Q: 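I have a structure here, written as structure tokens, and I will follow up with some questions on it.
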Amino acid sequence: MVEIRLTNTRTRRKQVFRPIDPQNVRLYLCGPTVYDRAHLGNARPVVVIDVLVRLLRHVHGADHVTYVRNFTDVDDKINAAALARQQAGAPGTLEELIRERTRETIGWYHADMDALGAMRPDHEPRATDYISQMIAMIQTLVDGGHAYARDGHVLFRVRSFADYGKLSGRSVDDMIAGARVEVAPFKEDPMDFVLWKPSDAGLPGWDSPWGRGRPGWHIECSAMSYELLGESFDIHAGGIDLQFPHHENEIAQSCCAHPHGDFANIWLHNEMLQVEGKKMSKSLGNFFTVRDLLDQGIPGEVIRLVFMQTHYRSPMDWTESKRQNAAHHLANWGRIRRHKLSDPLPKFDGTKVDQRIIEALADDINTPNALTRLYEMAQEISSANHPADSDLVLSFFDTLHFLGFKELDPQRLSRRAAVENATKLSELAERMNALRIEAKASKDFSAVDALKQRLLAAGVEVRMGPAGVELLPGPDFDAARLPG
RNA sequence: GGCGGGUUGGCGGAGAGGUUACGCAGCGGAUUGCAAAUCCGUGAAGACCGGUUCGAUUCCGGUACCCGCCUCCA
């Protein structure tokens with residue numbers, strides 16, 4: 001069996017991966033807070049872990065891996081987004097608007113990650129489905145002296161956990177010394193963090209021993225990983241920016257609530273994605289979404305390949321030349337398929353995956369080295385005298401399939417489709433705008449509404465504002481169903 | 001201020017204490033009505049200063065610069 005080595009952030013070393021139970025390798029990835037579209041940086045850990053899960057399934061067996069990725073659907077940003085919609089005149093209660101927003105966002109997320117070739121996890125728990133488990137866990141922490149209630153809040157007592165700061169290499173004293181956080185008056189210690197906070201009537205809330213309220217950030221991952229994976233599991237992954245405070249706090253909560261468990265054995269953290277050499281972040285305003293790229297006609301597999309060109313522990317810059325490079329290779333592989341594979345749709349089952357690529361991935365998910373081998377194989381197959389349907393050809397395509405590349409060469413087709421769709425959508429937008437101007441004069445909006453319904457049925461997002469009509473293809477967009 | 005990561009050829013990007021990484025671009029050739037694509041071949045590197053060593057881009061120390069975390073973020 002191939003020996004997998006992974007860099008454990010906790011030990012800062014590359015170590016041999018030994019599952020707690022080889023019959024059930026358990027892995028948790030911190031998923032999105034579902035208040036908006038996933039930006040490109042959100043997609044990096046998803047693709048990295050997708051590759052790891054594929055490797056684990058290859059090595060340990062498809063049925064011997066449990067992959068959990070959560071949706072955090074209770075959060076102040078979600079509340080704010082819903083409130084903004086309500087204030088903009090959207091009908092419905094705040095709770096309905098919140099539910100609508102999170103349901104919509106989860107749909108977008110699925111569509112976008114599917115487009116990147118990332119397999120769905122085995123479990124995708126939503127935080128709001130685990131409120132009672134969170135309350136129970138908080139109660140355990142209070143009972144054990146690791147948390148305390150004040151003014152409707154419950155706070156984690158950082159001083160009660162000796163290893164607090166160990167994951168991120170910090171000491172509580174150092175952090176307090178250089179603290180830039182404003183300290184709430186009810187905190188015993190400036191580094192104590194919120195497990196539960198009170199909700200007023202205008203916010204979503206659940207009944208609890210501390211009054212109506214809602215969970216703080218961090219606790220959902222502890223509660224859900226415990227429910228689905230147990231008190232000890234193998235791998236916990238996420239972006240390096242989550243190392244502190246999110247993962248540090250998860251460790252503190254989970255280890256204090258379940259002192260006999262180890263929580264996660266291996267912590268995997270991917271480095272940040274950058275744009276123009278700067279971190280992509282909401283506060284810097286330089287972020288763009290996966291959907292933005294897909295809408296530009298960039299196929300998901302191109303984005304996937306660009307991600308795989310950089311090792312997950314290095315910062316990665318998204319650039320136009322990388323996009324072109326990835327598209328070039330995919331087109332090349334597509335051409336090889338047309339010329340060297342007589343059956344365009346053979347059944348690939350993972351039995352012919354190239355061993356050197358498995359070894360590259362087993363070495364701390366070294367995707368750049370895996371790609372180097374893929375380029376070598378493509379080179380050899382491309383030479384004029386290499387026969388079609390050789391073992392190498394079959395292995396090459398089985399490997400591509402294993403790595404999540406199925407379409408190949410989608411660039412030409414999808415770009416053409418995108419242009420056609422964009423043209424058609426812009427015509428439709430113009431037509432709809434004209435109808436709308438007429439309707440505003442006549443007060444008869446039936447024609448506009450009818451057109452809108454048909455567009456919605458085709459999966460188009462319809463946005464009407466003072467500037468006119470904007471039509472965007474949504475996750476379920478189906479060009480064939482567009483009105484003629 | 002505290003903590004962490006990085007600096008490789010024109011660009012991207014790996015491994016290894018001594019032997020060609022690899023890809024893209026470039027250059028030469030083949031092919032092509034022209035072009036594109038493709039195929040064959042090919043030059044080019046490891047921030048700076050010390051140290052260890054027979055030998056370092058690879059190990060150790062320092063300097064400079066870059067990035068991230070410490071505040072919502074993957």
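Chain letters run A, B, ... following the sequence lines, proteins first, then strands; residues in each count from 1. Bear in mind that the values here come from a model prediction, so they are computed numbers and not experimental data.
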Q: For nucleotides B:G29 and B:C34, find the distance between their P atoms and express it as a whole number of Å.
A: 15 Å
Q: Residues two or more places apart in sequence or in another chain: which of them pass salt bridge (charged side-chain N to carboxylate O under 4.0 Å, His left out) with A:R44?
A: none
Q: Among B:C39, B:A14, B:A74, which nucleotide has an atom closest to any side-chain atom of A:D241?
A: B:A74
Q: Rounded to whole angstrom, note down the C1' distance from B:A14 over to B:U20.
A: 14 Å
Q: Could you work out the separation of B:G2 and B:G17 based on their P atoms and round it to a whole Å?
A: 34 Å
Q: When you compare B:A47 with B:C39, how far apart are their C1' atoms, in angstrom units rounded to a whole number?
A: 39 Å
Q: Within the structure shown, what part of the strands sits under 4.0 Å from A:D75 by heavy-atom distance: base, sugar-phosphate, or nothing?
A: nothing
Q: Whether the side chain of A:H269 and the base of B:A74 hold a donor-acceptor pair under 3.5 Å is what I'd like checked.
A: no
Q: Go through the structure and list residues passing side chain to side chain donor-acceptor pair (under 3.5 Å) with A:K352, not counting sequence neighbours.
A: none
Q: In the 5'-to-3' direction, what one-character label does each nucleotide of nucleotides 17-31 of chain B receive under the scheme B = base within less than 4.0 Å of a protein heavy atom, S = sugar-phosphate only, - = no such atom?
A: ----BSSS-------
Q: What nucleotide among B:C70, B:A37, B:A74 has an atom nearest to a side-chain atom of A:R170?
A: B:C70
Q: From the options B:C39, B:G13, B:C70, select the nucleotide whose nearest atom is closest to the side chain of A:K322.
A: B:G13
Q: What nucleic acid atoms does A:G41 come within less than 4.0 Å of, heavy atoms only: base, sugar-phosphate, or nothing?
A: base
Q: Report the nucleotide, chosen from B:A74, B:A14, B:G5, that has the shortest atom-to-atom distance to any side-chain atom of A:L273.
A: B:A74
Q: In whole angstrom, give me the gap between the P atoms of B:U57 and B:G51.
A: 14 Å
Q: Counting only side-chain nitrogens and oxygens, does A:S314 get under 4.0 Å of the OP1 or OP2 atom of B:A14?
A: yes
Q: B:C27 and B:G61: how far apart are their P atoms, nearest whole angstrom?
A: 44 Å
Q: RNA chain B: A:D363 or A:S168, which has the more 5' nearest nucleotide?
A: A:S168
Q: Is the shortest distance from a Lys or Arg side-chain nitrogen in A:K14 or A:D363 to a carboxylate oxygen in the other one below 4.0 Å?
A: yes
